[in-house]
Amino acid sequence: MVEEMHEGTFGTHANGNAIAKKIMRAGYSWLTMKTDCCNHVKKCHKCQIYADNINAPPNPLNVLTSPWPFSMWGMDVIRPIELKASNGHRFILVTIDYITKWVEANSYASVTQKEVLRFIKRDLIPSLRVLAEASLDESEWVQARHDQLNMIDGRRLTTICHRQLCQKRIMKAYVKKVRPCQFREGDLILKKILPIQKDNRGKWTPNYEGAYVVKKAFSGGALIQIDTDREDLHLTINSDAVKKYYA
Ligand SMILES: [Zn+2]
């Protein structure tokens with residue numbers, strides 16, 4: 001009966017309380033009526049995939065401070081690009097320096113440990129050497145700046161201190177919004193559908209897709225998920241783009 005009231009002929013996928021009231025008006029009542037209704041609604045697949053997006057972050061913000069240009073690099077892979085390039089390349093490996101935002105990128109047919117190592121050795125390190133040598137030799141102006149930079153250790157320290165204080169403020173504001181959510185191996189999850197994906201259903205597009213199974217959960221909030229239909233498909237995903245699925 002709960003099912004009929006919730007998603008049956010006249011069902012409007014109302015919430016648990018509303019359904020319990022509706023059943024009562026129809027002349028039925030039992031002890032655990034409200035709990036039963038709420039549990040049923042919680043597990044309704046349609047309610048779960050059409051629910052509003054959760055924007056509250058599940059993990060606190062981790063901040064990093066880079067002390068000096070070119071000392072810390074962020075590295076990421078741009079996912080398989082549909083329609084391969086003419087040379088068969090599908091992945092783009094990008095690194096970016098935390099302070100100067102200097103970017104190095106290259107494209108590959110596949111991203112393996114070997115390719116990443118080769119990228120660092122062949123593209124990243126030489127480019128920095130060229131940068132350093134060129135800027136030192138080419139003009140006196142740059143040389144002067146470089147000398148100045150070398151002499152202002154104190155100022156650098158103040159800047160770092162400043163930045164860390166600023167980061168602390170950002171963290172404080174961020175942590176207020178965090179709604180902790182831990183995922184474990186074997187959990188069922190739904191994945192957010194990003195609005196950039198074209199879907200001809202327009203506003204009737206569900207907000208979530210799934211369900212997927214968590215294969216591995218890392219401490220920072222990264223997850224490895226597997227498709228329940230295609231066991232071979234493993235994807236890494238951040239836990240802010242998923243929510244728990246009840247079945
Ligand atoms: Zn429902």
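Whatever order the structure lists ligands and atoms in, that order sets their numbers, starting from 1.
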Heavy-atom nearest pair, Ile23 first then Cys37, reads CD1-SG, 4.0 Å
Within-4.5 Å side-chain heavy-atom neighbours: Leu93 and Tyr108
yes
What count do you get for protein N/O/S atoms less than 2.8 Å from the Zn ion (ligand 1)?
4
Measure centre to centre between the rings of His13 and Tyr50, then say whether the value is under 6.0 Å.
no
Judged by atom type as modelled, is there a donor-acceptor pair below 3.5 Å linking the side chain of His6 to the main-chain atoms of Ala14?
yes
With Lys42 as the cation and Tyr246 as the aromatic partner, state whether NZ or CZ is under 6.0 Å from the six-membered ring centre and within 45° of the axis.
yes
Establish, yes or no, whether the cationic atom of Lys243 lies under 6.0 Å from the six-membered ring centre of Tyr208 and within 45° of the ring axis.
yes
